[in-house]
Enquirer: 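Right, I'll just put the structure down here and ask away after.
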Amino acid sequence: MRPEATDGDQPALSASAGLLATSSEALPMAAVDSGPDDSSAIKDSGLRLRFARIAGAGVLIVAAAAASTLAICGPQQSTEAIRYLATGFGAAGQPTAASRELYEQIKLLDDGYWYLPTYDCKHASQPAAPQDVGPFPDLECKARCNQMPSCTGFIHGHRMGNPYCWLRKQILLYKCQRMKGWEEGAHDAVYIKQAPFPQVPSHQPVLEFYMYRATGAGMFDPVSLGQVNTANLAGVVWYLQNEITTVYSSAPRCPYRFNISQLHRFKIKMRVPDEILNQTGMHFGPRFAYDQGKCEGRCFPGNKCTGEADCALIYDRFGFILGCNRFDQKWPFPDMDTPTPDGVWYSLPLEGRCDGEPTGTKDCIWSYEHAGMLELSDLEKRENATAPCCNGICSSFWHKVTDYWTSKWRIERIGETFQKKYPELPELESPKCDFEPDKVYASDPWPREDPWNR
């Protein structure tokens with residue numbers, strides 16, 4: 001079992017657990033046609049392609065959004081019924097050769113356009129205006145497209161040796177054809193406006209609750225919270241008694257793993273974007289694992305993680321939402337019974353953090369205040385014993401780590417100690433971790449790899 005984060009100064013909760021390939025079953029409103037190469041072509045005219053960049057990899061995910069009245073690839077993103085679907089995936093959930101080629105070709109430019117070179121899309125598009133063509137270089141095409149509300153992109157190519165552009169209100173990428181032997185810069189290229197996440201404040205109330213994180217002395221700066229995993233009190237107690245003070249609930253450890261000696265508490269304020277509630281009815285997204293600030297996706301037993309692409313698509317779809325998983329779900333980890341069944345683990349994307357009252361926009365979903373710290377040694381000194389001993393303290397505080405009632409006693413004792421040490425801070429009730437995997441991962445063919453053994 002390997003920790004989710006081994007950054008030295010901020011060890012996170014641990015877990016012993018591409019490109020998106022979602023089957024058509026996850027998108028019932030789409031008509032899907034299986035071709036001779038076993039690829040799936042989206043036929044529903046209400047589906048528009050979106051893209052999410054995989055951080056640091058230069059690879060893109062192609063996804064689709066349901067929008068019954070909007071054109072494919074339009075910038076006016078419908079937020080009422082977004083569904084994601086990777087184009088050109090076969091029945092086995094794996095990308096076809098054609099879809100892989102498209103993924104490798106498409107790029108996000110600095111000016112907010114997606115760029116796909118050497119593809120012929122004129123037969124798979126609709127004009128943006130009666131006079132939709134002109135002898136313009138690509139920069140002029142972008143300027144004209146930006147000024148035209150109906151323009152969602154354009155095709156840039158050559159006519160009679162001169163640069164030419166065709167402004168389009170609809171581009172069906174799955175119908176575009178790769179022109180073999182064509183050269184980038186010399187033949188047709190597709191430019192599509194990036195669909196922005198709506199920066200509209202949420203109408204949802206602000207939720208306040210506590211999270212906890214175990215660290216070593218002097219190894220964590222409370223000001224820098226983000227790109228990490230945290231827990232509720234039951235979740236952090238199981239982490240401490242299963243991996244830090246013992247060797248996976250068996251023999252005692254000394255010194256403690258990662259030299260952890262402190263337990264920090266944070267008061268979280270969270271305002272959920274309307275998008276995730278409208279689409280799923282949930283307040284939280286999936287709990288991703290962070291390792292040294294890098295999102296490794298969902299990590300399952302055996303350190304099998306879905307990778308940064310999983311994170312990128314969820315954050316593009318819903319904003320930088322907090323993720324969670326309940327221990328009683330046994331998904332993705334821990335996947336077994338624990339003595340703390342009320343445990344919850346969280347993920348905190350730094351990009352969604354802001355100061356003060358969160359607005360619920362993509363980059364202002366949560367804020368926090370440091371709400372106290374306990375030394376593990378102070379808890380242990382209150383329970384004197386002859387063994388086990390560590391760091392000069394012999395204590396029974398971490399005994400019977402597989403027992404439900406003893407674990408419950410530990411949770412209550414830590415909660416009481418925080419309350420006595422910080423009586424000015426309120427007691428807060430945590431919102432339910434309501435993330436349900438089937439609402440987002442009805443089909444889940446994401447490749448799972450060990451990020452620590454690539």
Enquirer: Rounded to the nearest 0.5 Å, what separation is found between the CD1 atom of I411 and the CG atom of L233?
Expert: 6.0 Å
Enquirer: Would you call the rings of F284 and Y346 parallel, tilted or perpendicular if under 30° counts as parallel and over 60° as perpendicular?
Expert: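 The rings of F284 and Y346 sit tilted, inter-plane angle from 30° to 60°.
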Enquirer: Taking atom CZ of R168 and atom CE of M148, what is their separation to the nearest 0.5 Å?
Expert: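 Between R168 CZ and M148 CE, I get 11.0 Å after rounding to 0.5 Å.
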Enquirer: Establish, for the pair R265 and Y210, whether the NZ or CZ atom is under 6.0 angstrom from the six-membered ring centre and no further than 45 degrees off its axis.
Expert: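 Judged by the rule (NZ or CZ under 6.0 Å from the ring centre, within 45° of its axis), R265 counts as positioned above Y210.
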Enquirer: Can you find a pair of side-chain heavy atoms, one from L207 and one from R271, that are under 4.5 Å apart?
Expert: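 No. Closest side-chain heavy atoms not under 4.5 Å.
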Enquirer: Within the distance-only criterion (no hydrogens, no angle test), does the side chain of N325 pair as donor or acceptor with the backbone N or O of F333 below 3.5 angstrom?
Expert: yes
Enquirer: Would you call L379 and I414 a side-chain contact if the rule is heavy atoms closer than 4.5 Å?
Expert: yes
Enquirer: Taking atom types as modelled and ignoring hydrogens, do the side chains of D274 and S202 form a donor-acceptor contact shorter than 3.5 angstrom?
Expert: yes
Enquirer: Hey, what do you get for CG (D355) to NZ (K269), rounding to the nearest 0.5 Å?
Expert: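 D355 CG to K269 NZ: 11.5 Å, rounded to 0.5 Å.
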Enquirer: Side chains of D291 and W452: is there a donor and an acceptor less than 3.5 Å apart?
Expert: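 There is such a pair between these side chains.
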Enquirer: Measure from the side-chain N and O atoms of T359 to the backbone N and O of P201, and report whether any donor-acceptor pair falls under 3.5 Å.
Expert: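 Absent.
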Enquirer: One thing to verify: whether K408 and E412 come together as a salt bridge, which I'm taking to mean a side-chain N less than 4.0 angstrom from a carboxylate O.
Expert: yes
Enquirer: Just to verify, what does E140 make a salt bridge (charged side-chain N to carboxylate O under 4.0 Å, His left out) with, not counting sequence neighbours?
Expert: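 With neighbours one apart ignored, the set is R144.
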Enquirer: Going by atom types only, do Q241 and S407 share a side-chain donor-acceptor pair under 3.5 Å?
Expert: yes
Enquirer: Using only atom types and a distance under 3.5 Å, with no angle test, would you say the side chain of Y422 pairs donor to acceptor with the backbone of M373?
Expert: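 It does hold such a pair.
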Enquirer: Scan side-chain atoms only and decide if N242 and S249 contain a donor-acceptor pair under the 3.5 Å cut-off.
Expert: yes
Enquirer: Locate the shortest heavy-atom distance separating T306 from D310; write the atom from each residue and the value.
Expert: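 It is OG1-OD2, 2.7 Å.
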Enquirer: Run the ring-ring contact (aromatic ring centres under 6.0 Å, His included) check on F397 and W409 step by step: do they pass?
Expert: CA-CA 10 Å; F397 188 80; W409 166 83; 5.5 Å; yes
Enquirer: Quick one: does any side-chain atom of K169 pair with a main-chain N or O of G153 as donor and acceptor, under 3.5 Å?
Expert: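 Absent.
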Enquirer: Does the side chain of E357 come within less than 4.5 Å of V206's, by heavy atoms?
Expert: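 The answer is yes, as the side chains (C-beta and beyond) meet within the 4.5 Å cut-off.
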Enquirer: So does R298 get a backbone contact from the side chain of R287, meaning a donor-acceptor N/O pair under 3.5 Å?
Expert: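 Checked: no pair found.
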Enquirer: Could you tell me if the ring centre of F320 sits under 6.0 Å from that of W366?
Expert: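 No, the ring centres sit 6.0 Å or more apart.
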Enquirer: Enumerate the salt bridge (Lys or Arg N to Asp or Glu O under 4.0 Å) contacts for residues 429-440, please, sequence neighbours excluded, ordered by first and then second residue.
Expert: R326-E436
Enquirer: Looking at T230 and M211, would you say the former's side chain and the latter's main chain have a donor-acceptor pair under 3.5 Å?
Expert: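 No, because the side chain of T230 does not come within donor-acceptor range (under 3.5 Å) of the backbone of M211.
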Enquirer: Give me the atom names and distance for the closest heavy-atom approach of K420 to P423.
Expert: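 So the two residues come closest at O-CD, 3.5 Å.
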Enquirer: State, yes or no, whether a side-chain contact exists between K267 and F209 at a heavy-atom distance under 4.5 Å.
Expert: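 K267 does not reach F209 side chain to side chain.
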Enquirer: Looking at C324 and V344, what are the two nearest heavy atoms and their distance?
Expert: CB-CG1, 4.0 Å
Enquirer: Within the structure provided, determine whether C165 and I155 are in side-chain contact (heavy-atom separation under 4.5 Å).
Expert: no
Enquirer: Would V272 and I276 count as a side chain to side chain contact (heavy atoms under 4.5 Å, CB included) if you check the C-alpha gap in whole Å, the side-chain angles of each, and the deciding distance to 0.1 Å?
Expert: CA-CA 7 Å; V272 181; I276 187 170; 3.1 Å; yes
Enquirer: From E296 CD over to E308 CD, what is the distance, rounded to the nearest 0.5 angstrom?
Expert: 6.5 Å
Enquirer: Do side-chain atoms of T245 reach the backbone of L240 as a donor and acceptor pair under 3.5 angstrom?
Expert: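 Present.
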Enquirer: Could you check if a side-chain atom of R257 sits within less than 4.5 angstrom of a side-chain atom of V247, using non-hydrogen atoms only?
Expert: no
Enquirer: Is a side-chain N or O of Q227 found less than 3.5 angstrom from the main chain of L350, in a donor-acceptor match?
Expert: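 Checking the backbone N and O of L350 against the side chain of Q227, a donor-acceptor pair under 3.5 Å is found.
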Enquirer: Provide the closest heavy-atom pair for P437 versus Q329 in the form atom of the first, atom of the second, distance.
Expert: CD-NE2, 3.8 Å
Enquirer: Keeping T215 on the side-chain end and F220 on the backbone end, is there a donor-acceptor pair under 3.5 Å?
Expert: no
Enquirer: So, for R213 and N229, which heavy atoms are closest and what is the spacing to 0.1 Å?
Expert: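 Reported closest heavy-atom pair: NH1-O, 2.6 Å.
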Enquirer: Using side-chain heavy atoms (C-beta onward) and a distance below 4.5 Å, is Y290 in contact with S347?
Expert: yes
Enquirer: What's the shortest heavy-atom distance between L376 and L263, and which atoms?
Expert: CD2-CB, 4.4 Å
Enquirer: Under the criterion ring-ring contact (aromatic ring centres under 6.0 Å, His included), I'd like the reasoning laid out for F288 against Y315: C-alpha separation, chi angles, the key distance, then a yes or no.
Expert: CA-CA 11 Å; F288 294 129; Y315 292 148; 5.6 Å; yes
Enquirer: Are the aromatic ring centres of W238 and F327 under 6.0 angstrom apart?
Expert: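 Yes.
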Enquirer: With a 6.0 Å cut-off on ring centres, are F418 and Y212 close enough?
Expert: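 Here the rings of Y212 and F418 have centres that are less than 6.0 Å from each other.
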Enquirer: Between atom CG of D342 and atom OG of S430, what is the distance when rounded to the nearest 0.5 Å?
Expert: 10.5 Å
Enquirer: Inspect the contact between D337 and K330 and indicate whether a charged nitrogen and a carboxylate oxygen are less than 4.0 angstrom apart.
Expert: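 Here K330 pairs with D337 in a salt bridge, since their nearest N and O are under 4.0 Å apart.
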Enquirer: How long is the span from the NZ atom in K362 to the CD1 atom in I321, to the nearest 0.5 Å?
Expert: 11.5 Å
Enquirer: Between Y191 and H156, what is the ring plane arrangement, given parallel below 30°, perpendicular above 60°, and tilted in between?
Expert: perpendicular
Enquirer: Flag the pair K304 and D450 as a salt bridge only when some basic side-chain nitrogen lies within less than 4.0 angstrom of an acidic carboxylate oxygen.
Expert: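 So K304 does not pair with D450 through a salt bridge.
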Enquirer: Please state whether the rings of F266 and Y368 are parallel, tilted or perpendicular, taking 30° and 60° as the class boundaries.
Expert: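 Rings of F266 and Y368: perpendicular, as their planes differ by over 60°.
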Enquirer: Could you tell me whether the side chain of F435 reaches within less than 4.5 Å of the side chain of M282, counting heavy atoms only?
Expert: yes
Enquirer: Do other residues, nucleotides or ligands put more than 12 heavy atoms under 6.0 Å from H203 NE2?
Expert: no
Enquirer: Closer than 3.5 angstrom, by distance alone: can the side chain of S224 be matched with the main-chain N or O of D221 as a donor-acceptor pair?
Expert: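 Yes, S224 side chain to D221 backbone: donor-acceptor pair under 3.5 Å.
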